[in-house]
Amino acid sequence: MQGIIAVEKSLTILADMLETKGYEIVDLSESNLSGVDAIIVGGTDVNAMSDSLADVPVINAADKTFNEIIEELGRV
């Protein structure tokens with residue numbers, strides 16, 4: 001298991017790809033995000049999201065390749 005990643009609902013293809021790499025995926029809209037290792041959004045205001053979840057890295061998937069996202073998750 002690579003880790004638990006909360007993914008924005010609109011990024012279903014990315015979520016599916018991450019699952020094939022061994023990540024556990026949860027929906028970002030779930031009320032309880034405690035225990036997630038990172039959050040992936042698709043163009044949402046990342047700064048606002050980071051402020052509300054200071055201890056969890058937020059990755060903006062906009063204009064990034066799958067490999068770039070995997071690299072960022074590797075640094076988490």
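The model shown is predicted, which means the values in this text are computed figures rather than measured ones. The basis for the numbers below is simple: all heavy atoms, side chains too, and nothing from hydrogens, waters or symmetry mates.
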Is there a side-chain contact between I70 and Y23, using heavy atoms and a 4.5 Å cut-off?
yes
Could I get the full list of side-chain contact (heavy atoms from CB on, under 4.5 Å) partners for A61, not counting sequence neighbours?
L11, L14, I40, I69
Can you find a heavy atom in the side chain of I5 that is under 4.5 Å from one in the side chain of L73?
yes
Using atom types as modelled, flag every donor-acceptor pair under 3.5 Å from a side chain in residues 15-22 to any protein atom, sequence neighbours excluded.
unit_1	atom_1	unit_2	atom_2	d
T20	OG1	M17	O	2.5

Pairing residues for T65 by the side-chain contact (heavy atoms from CB on, under 4.5 Å) criterion, not counting sequence neighbours
N67, E68
Less than 4.5 Å apart, side chain to side chain, heavy atoms only: is that true for V36 and V56?
yes
So, using side-chain hydrogen bond (donor to acceptor under 3.5 Å, both in side chains) as the criterion, who are the partners of S10 when residues are at least two apart?
E8
Nearest heavy atoms of L33 and A6, plus distance in Å
CD2-CB, 3.9 Å
Any donor-acceptor pair under 3.5 Å from D37 side chain to I4 backbone:
yes
Listed by chain and number, what are the side-chain hydrogen bond (donor to acceptor under 3.5 Å, both in side chains) partners of K64, not counting sequence neighbours?
E72
A side-chain contact here means heavy atoms from C-beta on lying under 4.5 Å apart; do I59 and V41 qualify?
no
Straight-line distance of T12 OG1 to I25 CD1, nearest 0.5 Å:
11.5 Å
